Amino acid sequence: MDCPFDYLIGDATGKVLNEYARFPCKILCGVYGLVVKGSARATVDITQYELHEGQALMLKPGSFLLIHEFTEDALVYYIIFSSAFLEKNTYPSRVSMSQVHVKNPILDLTTEHAEVLKEMTELLIKASNTRPSLLNSSTMVHIYNMLHTAYVDYVQRHQQEPEQINDRKAEIYYEYSDLVMKHYREWHHVSEYAEAMRLTLPHICSTIKSYSGKTAGDMITDAILTDAKAQLKITNLQVKEIAFSLGFENVAFFNRFFKSHTGLTPKMYRNS
């Protein structure tokens, strides 16, 4: 899913956002959001998060998003930049966006910082809604760079993670998660990731399980299923084409894989 314009600025209620809660989708645009009211549960890529009032969210292009539920009273401010806009104007920043996104798609803001971001976004909404608009694609390049710089700076100065940077288990988990999202279409076995990370298979399996409660294999499966579900619901590709895009040489094996994890065949899921 992409933004049809260079950028969009606005707000959405929990009721509206719950309309997008039926299936995962792949976000081709860049998204900045602020939870102004209420709370939600959502999965970004292969990790589930709880979102609360005063938190900021960043989705880099290529992220998978599955909204589980927003409370009815929820209100989210958003600024969205299309993939075409990012490609033309902010490629160097997109690289940094990917680097910081792995550990920090969500920021816990201080009350003061959340209020400042809220007021700033409200001002941008007003500027966007004037006729003629006070904003255009050229000015939005500066807005994007300002948002991105502030986000990275906040991560470096304020974000407190449950692990320290020298926690080896955390380092292995984040590196493995990043590799899974980059290579799940062609690497279906944990051994391939262990080799790329220069770790033994037992070590990487025990570390991932100990740190996250998930098995290393489950994380690969989650990534494949998320992509498959998004393609089945959002595209008109044949099941065979989706299977091949995910690295399955045999569509019958893909069907068995999908049904064993969802209880439905790919066609049944698409029509459900």
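These figures come from a predicted structure and were not determined experimentally.
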Parallel, tilted or perpendicular, as decided by the 30° and 60° cut-offs, for the rings of [Y] and [X]:
X: H188; Y: F248; answer: tilted
X: Y193; Y: W187; answer: perpendicular
X: F253; Y: F257; answer: tilted

Is the shortest side-chain heavy-atom distance between [X] and [Y] below 4.5 Å?
X: L246; Y: Y184; answer: yes
X: P266; Y: I242; answer: no
X: L117; Y: Y77; answer: no
X: H52; Y: V35; answer: no
X: H183; Y: I220; answer: no
X: F258; Y: T265; answer: no
X: L65; Y: I67; answer: yes
X: F70; Y: Y20; answer: no

[X] side-chain N/O to [Y] backbone N/O, donor-acceptor pair under 3.5 Å:
X: D227; Y: A223; result: no
X: K26; Y: T226; result: no
X: T130; Y: A127; result: yes
X: Y144; Y: F85; result: no
X: S63; Y: K60; result: yes

- Considering non-hydrogen atoms only, spot the tightest contact between C25 and A230 and give its length. CA-CB, 4.0 Å

- Contact summary for S82 and D2, nearest pair of heavy atoms: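 Heavy atoms only, the tightest pair is CA-OD1, 3.7 Å.
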
- Roughly how far, to the nearest 0.5 Å, is CE of M268 from NZ of K259?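 One finds 6.0 Å between NZ of K259 and CE of M268.
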
- Message: Working to the nearest 0.5 angstrom, can you tell me the gap between F81 CZ and I9 CD1?
- Response: 7.0 Å

- Task: Decide yes or no on side chain to side chain contact (heavy atoms under 4.5 Å, CB included) for M219 and I208, but give the supporting numbers first.
- Result: CA-CA 9 Å; M219 294 176 67; I208 297 300; 3.6 Å; yes

- Hey, quick one: are L124 and V116 part of the same hydrophobic cluster, counting side-chain heavy atoms closer than 4.5 Å, chains of contacts allowed? no

- Item | E122/K126 ion pair, N-O < 4.0 Å |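 Looking at E122 and K126, the cut-off is not met.
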
- Message: Please check if the number of heavy atoms outside K15 that lie under 6.0 Å from its NZ is greater than 12.
- Response: no

